[in-house]
There are 2 protein chains.
Amino acid sequence: MPRTSNAMDRRLKKIIQFLIEYQEKNGYPPTIREIGREINVNSTSQVTYYLNKLEEDSLIDRSGHLSRSIRVNPAGYELIGFNPDEDIVVEKHENLLDRVASAVENLWKIPVYGVIVASEPLPMPDDPTFAPDTTIDVARSLFGINEKPGNLFALEVSGDSMIDAMINDGDTVIFKRQETVNNGEMAAIWIDDDNTTTLKYFYREDDYYRLKPANPTMQDIIIPKRKNVRIMGKVVAVVRQVQSAA
Amino acid sequence: MPRTSNAMDRRLKKIIQFLIEYQEKNGYPPTIREIGREINVNSTSQVTYYLNKLEEDSLIDRSGHLSRSIRVNPAGYELIGFNPDEDIVVEKHENLLDRVASAVENLWKIPVYGVIVASEPLPMPDDPTFAPDTTIDVARSLFGINEKPGNLFALEVSGDSMIDAMINDGDTVIFKRQETVNNGEMAAIWIDDDNTTTLKYFYREDDYYRLKPANPTMQDIIIPKRKNVRIMGKVVAVVRQVQSAA
DNA sequence: TTTGACATCGAACATTTGTTCGTGTACAAT
DNA sequence: ATTGTACACGAACAAATGTTCGATGTCAAA
């Protein structure tokens, strides 16, 4: 089942989690075969493949390339979070402080700047120190490994106007503050002429912009380049608390 | 120069010291050859001999008998003596412990039982001790105050078949395990006749069940009561990590 | 449809690492 | 001095662990 980049991502996280737990429990790191057994992969090369990915992202370190010598970097601990019911008393390394500190960073409080409505620009404060009245707690593990909390903000969707983006009334959308996106990334886009904000996958083609709704049954929207569009942020996650009724 | 039991004693201590330092420095234990190099003994069997002595005295543990799997027992640490700054570390650690604990209480690990596909029943294990492949971290604040983590489980959506429920390919849906829902709550519903799983707002009317898609532009589905429908769980939240493209 | 990048697998292979064994040396007790 | 035990050495061996390689399947772009 390849290309399930989501599944792989989870497996990568699971590996880190296992590395931490195993080390906690046994006092030494596991072998790649033990890792494979844990994540239900019995190809050692596949585990190596994962391990390389993790090392590329500096989540682990195995510069030694010896047996049982995989180390989890602080970034790795941060990604997963620290499991407190493990006995930490035995562990008394200098990196303990890092680990404990990062455990507190498991939960990111993301500022909710307001409500997003199709017919209005995003309510983004120019002042970066703007203190929002509400925040939303989000597990750090929901985000990519390179994400930083400072760049993120959230908006609550009001109305059904984002339905083509598969986003409901009441959903909370988490954005990353940026003014450009790569082709194929979902962005909040302000279209000057139409005076609307919309959430679409964004493609910059030769002569036009193409906005692709998340709902695959819907048509792409073509916008000539002379029209003014502005990218307000990249959509990184959507959180929906399902209520009763509707 | 044998029989210098004094010299041996010193070497044994040196081994323990080295074990501790090496572990501190590298994050994993050394090999017997590395130990030998450290104590100027290049006979692996001799190191083994020492190691056996240390294990007899319960100063170290290598019950695993695997590579790089030597652990220093508390008695071993005691033998060498604690460095004073360790106590400071422990102390600081205690200070942080509360924060860690509360941070983790606020983060629930929800088991991901598998993939939900329209044409198949939910992959819910009968065995409650079933160990899921993966878990997803979710901020506790996403749920109501009466929610308990034990009742919750998650599934990853595969395919576009849940689009009418405003749920995308790749989304993670969090359910509460229950076999009935109140009118107007969204549930995972297995329809026997059609052999499908669907996510809809559920209404039990006088003569029929009414299934209302989350997408308000879509029609309700009416199912006569004679048909067999089974509620697999209540949808409490949807989490979407927005990927590139689509 | 073809192509290429990515994800996956398992087996063969190479290296590291631990264990065993035969031998040697010193020294205290006989 | 002889002998037994504790200490010591290094080579050969066995087990573990990591790496490489060819093959396959999938998906998206060309």
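All values reported here derive from a predicted model rather than from experimental measurement. Proteins get letters first, then strands, A, B, ... in listed order; numbering begins at 1 in each.
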| Stepwise side-chain hydrogen bond (donor to acceptor under 3.5 Å, both in side chains) check, Ser43(B) with Ser45(B) | CA-CA 5 Å; Ser43(B) 162; Ser45(B) 58; 2.9 Å; yes
| query | Over how many whole Å does the gap from Ile60(B) atom CD1 to dG18(C) atom C1' extend? | reply |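 Between C1' of dG18(C) and CD1 of Ile60(B): 13 Å.
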| Nearest-Å distance for atom pair CD/P, residues Glu56(A) and dA7(C) |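 Computing the Glu56(A):CD to dA7(C):P distance gives 10 Å.
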| field | side-chain contact (heavy atoms from CB on, under 4.5 Å), paired with Ile60(B), selected from Leu54(B), Asn52(B), Leu12(B) | value |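 When Leu54(B), Asn52(B), Leu12(B) are each tested with Ile60(B), the side-chain contact (heavy atoms from CB on, under 4.5 Å) holds only for Leu54(B).
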| message | Run the side-chain hydrogen bond (donor to acceptor under 3.5 Å, both in side chains) test on Glu34(B) and Tyr22(B) for me, step by step, so that the C-alpha distance in whole Å, both residues' side-chain angles and the decisive distance to 0.1 Å come before the verdict. | response | CA-CA 10 Å; Glu34(B) 286 170 325; Tyr22(B) 189 105; 3.0 Å; yes
| Contact list for DNA chain D against residues 42-55 of chain A - heavy-atom distance below 4.0 Å |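 Of all residues in residues 42-55 of chain A, the ones placing a heavy atom under 4.0 Å from DNA chain D are Thr44(A), Ser45(A), Thr48(A).
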| Does Tyr208(A) reach the side chain of Ile223(A), with side-chain heavy atoms less than 4.5 Å apart? |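 The answer is no, as the side chains (C-beta and beyond) never meet within the 4.5 Å cut-off.
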| said: Quick check: do Ile174(A) and Val238(A) have side-chain heavy atoms less than 4.5 Å from each other? | reply: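 Ile174(A) does not reach Val238(A) side chain to side chain.
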| Could Lys14(A) and Phe18(A) be counted as a cation-pi pair, given that NZ or CZ must be under 6.0 Å from the ring centre and within 45° of the axis? |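 No cation-pi geometry.
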| message | Angle between the end axes of the helix from dT1(C)-dA30(D) to dT30(C)-dA1(D), five pairs per end, to the nearest 10 degrees? | response | 10°
| task | Please report the C-alpha distance between Leu66(A) and Arg68(B) in whole Å, then the side-chain angles of each, then the deciding distance to 0.1 Å, and finally whether the side-chain contact (heavy atoms from CB on, under 4.5 Å) criterion is met. | result | CA-CA 9 Å; Leu66(A) 303 163; Arg68(B) 295 183 182 276; 3.0 Å; yes
| task | Check whether the ring centres of Tyr203(A) and Tyr209(A) lie less than 6.0 Å apart, and answer yes or no. | result | no
| What about the rings of Phe153(A) and Phe175(A), do their centers lie closer together than 6.0 Å? | yes
Below 4.0 Å: OP1/OP2 of [N] and any side-chain N or O of [X]:
{"X": "Arg68(A)", "N": "dT17(D)", "result": "yes"}
{"X": "Arg11(B)", "N": "dA8(D)", "result": "yes"}
{"X": "Arg62(B)", "N": "dT19(C)", "result": "yes"}

| query | Considering only side-chain heavy atoms of Leu66(B), which listed nucleotide, dT19(D), dT8(C), dT17(D), is closest? | reply | dT17(D)
| said: Return the CE to NZ distance between Met186(B) and Lys200(B), rounded to the nearest 0.5 Å. | reply: 8.0 Å
| query | CG/Asp169(A) to CD1/Ile163(A) distance, rounded to the nearest 0.5 angstrom? | reply |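 Here the rounded value is 8.5 Å.
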| said: Counting only heavy atoms and a strict 4.0 angstrom limit, can you tell me which residues of residues 28-41 of chain B come near DNA chain C? | reply: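 DNA chain C contact set from residues 28-41 of chain B: Thr31(B), Ile32(B), Arg33(B).
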